[in-house]
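Heavy-atom basis, side chains included; hydrogens, waters and symmetry copies ignored.
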Amino acid sequence: MRYLVYIEVPAEAGTRLDFEEEGPGQILGYVMKRFAPEAAYIQAGMRAVFMVADLNEAQMTELMLIVSKKFGTYPEFTALIPAAAIPEMVGKAIEEVKKAQI
């Protein structure tokens, strides 16, 4: 499934990483290579990352473990649905709700 992943690095963890020999670049480079997002952005003025990637449950768990271990926070995952799929999906959902015994 495709997700928007948001990672906001706390100031204390970010500052610590900035001054380590490898810096945050090693971790971010690994994440970009490992999860191959179709888009990735850094928020100007903050230590925050937005990326769009296809992830399965194991990859979500792996990314959560990396982010929590290295940045001391948890990523936020928002499931994304391609706009082109919405008309068919909504039609099916409405039909199922009409059948529901509620």
Considering only distance and modelled atom types, tabulate donor-acceptor pairs under 3.5 Å from the side chains of residues 68-82, sequence neighbours left out.
{"from": "S68", "atom 1": "OG", "to": "M64", "atom 2": "O", "distance (Å)": "3.0"}
{"from": "S68", "atom 1": "OG", "to": "L65", "atom 2": "O", "distance (Å)": "3.2"}

Between side-chain atoms of residues 37-46 and protein atoms elsewhere (two or more places apart, or another chain), which donor-acceptor pairs fall under 3.5 Å?
{"from": "E38", "atom 1": "OE1", "to": "R2", "atom 2": "NE", "distance (Å)": "3.0"}
{"from": "E38", "atom 1": "OE1", "to": "R2", "atom 2": "NH2", "distance (Å)": "3.3"}

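Under the salt bridge (charged side-chain N to carboxylate O under 4.0 Å, His left out) criterion, E12 pairs with no residue at all, not counting sequence neighbours. The salt bridge (charged side-chain N to carboxylate O under 4.0 Å, His left out) search around E57 returns none, not counting sequence neighbours. With sequence neighbours excluded, the residues that form a side chain to side chain donor-acceptor pair (under 3.5 Å) with D18 are R47. Residues passing the salt bridge (charged side-chain N to carboxylate O under 4.0 Å, His left out) test with E22, sequence neighbours excluded: none. K98 is linked by a side-chain contact (heavy atoms from CB on, under 4.5 Å) to I94, E95, counting only residues two or more places apart in sequence or in another chain. Residues satisfying the side chain to side chain donor-acceptor pair (under 3.5 Å) test with E21, not counting sequence neighbours, are none. For K99, the side chain to side chain donor-acceptor pair (under 3.5 Å) partners are E96, not counting sequence neighbours. Not counting sequence neighbours, K33 has no partner by the salt bridge (charged side-chain N to carboxylate O under 4.0 Å, His left out) test.
By the 4.5 Å heavy-atom criterion applied to side chains, I7 and V31 are not counted as neighbours. Contact of the R34 side chain with the Q59 side chain is registered, since non-hydrogen atoms from C-beta on lie closer than 4.5 Å. Side-chain contact between F35 and M51: present, with at least one pair of heavy atoms (C-beta onward) separated by less than 4.5 Å.
Note: the hydrophobic cluster containing V67 also contains I27 (ILVMFWY, side chain heavy atoms under 4.5 Å, direct or indirect links). In the hydrophobic clustering of this structure, I66 does not group with L4; members are Ile, Leu, Val, Met, Phe, Trp, Tyr whose side-chain heavy atoms approach within less than 4.5 Å, directly or through other members.
Remark: the backbone N or O of A85 is not paired with any side-chain donor or acceptor of E88 at under 3.5 angstrom.
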Exercise. Yes or no on side chain to side chain contact (heavy atoms under 4.5 Å, CB included) for V9 and V49, after CA distance, side-chain angles and deciding distance?
Worked result: CA-CA 8 Å; V9 180; V49 177; 5.8 Å; no
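For residues 48-67, the ring pair (Phe, Tyr, Trp, His ring centres under 6.0 Å) pairs, not counting sequence neighbours, are Y6-F50.
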